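Just so you know, these numbers come straight off a predicted model, no measurement behind them.
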Amino acid sequence: MEKHIYVIGSMSMDLVVATDIVPGKGETVLGNSFFNAPGGKGANQAVAAARLGHHVHMVGRIGNDDFGEYIFQNLKNNGVNAEYVKPTEGKSGTAHITLNDNDNSIIVVPSANNEVTPEYVKHVLESTNVGDIVLLQQEIPAETVEAVVKYCYDHELISILNPAPYREVSDEVIEKATYLTPNETESEKMFKGEVDQALERYPDKLIVTLGELGAVYHDGVQQVEIKGFKREVKDTTGAGDTFNGALAVGLQRDYELPKALTFANLAASHSVTGMGAQGGMPTLEDLQDDIEV
Ligand code: RIB
């Protein structure tokens with residue numbers, strides 16, 4: 001039976017300002033441009049996986065506002081199954097993004113994403129099958145992340161926890177998640193500066209992403225570096241989400257971990273070539289010249 005990918009997580013409208021000057025406290029500056037585009041780490045991961053041609057279910061909440069409608073339509077336009085996306089009273093999540101000097105800084109207001117509760121996701125989890133892949137991030141309540149990781153562990157589902165944005169993660173979640181995919185900053189916080197030791201302690205589980213330099217994990221014998229791909233950067237927003245969505249697809253295609261990570265790095269490198277979190281996310285055809293898929 002084909003494995004399905006379930007993304008349990010956030011959906012937001014990204015409100016993006018490009019500026020040469022980032023204002024200090026109490027300061028006003030003139031920016032260069034503004035656009036809004038669908039985002040949210042969960043929705044981005046779902047769209048990334050669906051663009052690579054796989055069955056993806058998004059599980060989350062939108063507000064009963066125009067942003068919510070836009071977010072919902074965008075999932076459907078990208079071939080994501082949105083049956084488990086339900087509106088709730090109030091506003092959709094928003095992310096307030098500043099683009100400056102080839103990088104971004106983001107303030108997320110979760111709003112409807114706070115309604116992705118353990119109760120809300122329970123009936124979805126009950127419809128999964130052994131071996132299905134569940135992707136999680138941290139723009140939804142911590143108790144939901146905990147409950148889902150434990151459910152996956154108990155029911156032989158593969159869980160990928162992308163601990164972004166960073167908040168404390170319990171030891172039990174770290175032990176029970178199948179894969180953890182922090183970036184360098186998140187891994188430093190998560191393991192209190194002892195990342196090399198953590199890599200060794202969690203072989204084939206802890207994968208630290210390094211942007212265009214690739215990713216590193218430990219295979220039980222030694223640290224393994226998976227190379228990245230350098231491309232001209234337009235917008236780095238969503239590169240980590242593309243990595244996670246593509247990693248799920250690679251695992252779903254039964255790739256060994258090194259190949260799944262190369263595939264994820266390659267997809268993430270494409271994502272920075274377009275504007276907006278989802279603008280540069282590749283299709284499978286886009287990757288075929290660089291990797292046998
Ligand atoms: O990872 C990028 C995403 O983070 C953006 O789309 C924004 O919504 C924030 O959640």
Inset, instruction - Verify whether one side chain among T283 and D286 offers a donor that lies under 3.5 Å from an acceptor in the other. - result: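 Yes - a donor-acceptor pair under 3.5 Å links their side chains.
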
Legend entry - Polar contact flag, side-chain donor to acceptor under 3.5 angstrom, E175-Y202: yes

Provide the closest heavy-atom pair for [X] versus [Y] in the form atom of the first, atom of the second, distance.
| X | Y | result |
| --- | --- | --- |
| N265 | G214 | ND2-CA, 3.5 Å |
| Q223 | H218 | N-CD2, 3.7 Å |
| A277 | D14 | CB-OD2, 3.9 Å |
| A48 | G245 | CB-CA, 4.3 Å |
| P87 | G63 | CB-O, 4.2 Å |
| E126 | Y151 | CA-OH, 3.6 Å |

Would you say the side-chain atoms of [X] pair up with the backbone N or O of [Y], donor to acceptor, closer than 3.5 Å?
| X | Y | value |
| --- | --- | --- |
| D219 | V221 | yes |
| N64 | E89 | no |
| E212 | G228 | no |

Please tell me if the side chains of [X] and [Y] come closer than 4.5 Å, counting only heavy atoms from C-beta onward.
| X | Y | result |
| --- | --- | --- |
| N244 | I160 | yes |
| V7 | V56 | yes |
| Y6 | H55 | no |
| Q197 | F191 | no |
| V108 | K41 | no |
| L210 | V216 | yes |

Inset, instruction - Fit a plane to each ring of Y120 and H123, take the angle between them on a 0 to 90° scale, and name the class: parallel (under 30°), tilted (30 to 60°) or perpendicular (over 60°). - result: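 Rings of Y120 and H123: perpendicular, as their planes differ by over 60°.
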
Which distance, rounded to the nearest 0.5 Å, do you find between the [atom1] of [X] and the [atom2] of [Y]?
| X | Y | atom1 | atom2 | answer |
| --- | --- | --- | --- | --- |
| N183 | N162 | CG | CG | 8.0 Å |
| Q252 | E2 | CD | CD | 5.0 Å |
| L261 | E256 | CG | CD | 11.0 Å |
| S111 | E139 | OG | CD | 11.5 Å |
| Q222 | E200 | CD | CD | 11.0 Å |
| K176 | K205 | NZ | NZ | 10.5 Å |

Inset, instruction - Please name the residue in the list V173, V124, V134 that meets the side chain to side chain contact (heavy atoms under 4.5 Å, CB included) test with V148. - result: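 Only match with V148 under side chain to side chain contact (heavy atoms under 4.5 Å, CB included): V134.
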
Inset, instruction - Take N78 and R51 through the side-chain hydrogen bond (donor to acceptor under 3.5 Å, both in side chains) test and state the conclusion after the steps. - result: CA-CA 7 Å; N78 280 282; R51 290 240 178 113; 2.9 Å; yes

Inset, instruction - Check the surroundings of atom CG in D154: do more than 12 heavy atoms from other residues, nucleotides or ligands lie under 6.0 Å from it? - result: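 Atom CG in D154 is crowded, with more than 12 foreign heavy atoms closer than 6.0 Å.
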
Single-linkage hydrophobic cluster [X]~[Y], side-chain heavy atoms < 4.5 angstrom:
| X | Y | value |
| --- | --- | --- |
| V121 | I62 | no |
| I133 | L257 | yes |
| Y84 | I71 | no |
| I140 | L135 | no |
| L266 | I226 | yes |

Inset, instruction - Test side-chain hydrogen bond (donor to acceptor under 3.5 Å, both in side chains) on N100 and T19 and set out the steps. - result: CA-CA 6 Å; N100 171 260; T19 179; 5.4 Å; no

Inset, instruction - I would like to know whether D132 and H4 meet side-chain hydrogen bond (donor to acceptor under 3.5 Å, both in side chains); could you show each step before the answer? - result: CA-CA 5 Å; D132 282 345; H4 282 230; 5.9 Å; no

Legend entry - Pair D290 + R231: basic N to acidic O under 4.0 Å: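 A salt bridge is present here (some side-chain N lies under 4.0 Å from a carboxylate O).
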
Legend entry - Salt-bridge criterion met for K3 and D254 (N-O under 4.0 Å):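 The answer is yes: the pair qualifies as a salt bridge.
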
Inset, instruction - Please go through I107's hydrophobic cluster and name the other residues, only I, L, V, M, F, W, Y counting, with side-chain heavy atoms under 4.5 Å joining them. - result: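 Via sub-4.5 Å side-chain contacts, I107 links to none.
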
Legend entry - Cationic tip of K259 above Y255 ring, under 6.0 Å, 45° of axis: yes

Inset, instruction - Could you please spell out the steps behind the side-chain hydrogen bond (donor to acceptor under 3.5 Å, both in side chains) verdict for N104 and T237? - result: CA-CA 7 Å; N104 63 62; T237 313; 3.3 Å; yes

Inset, instruction - Can you sort out the partners of N44 under side-chain hydrogen bond (donor to acceptor under 3.5 Å, both in side chains), two or more places apart, ordered by chain and number? - result: D241, Q278

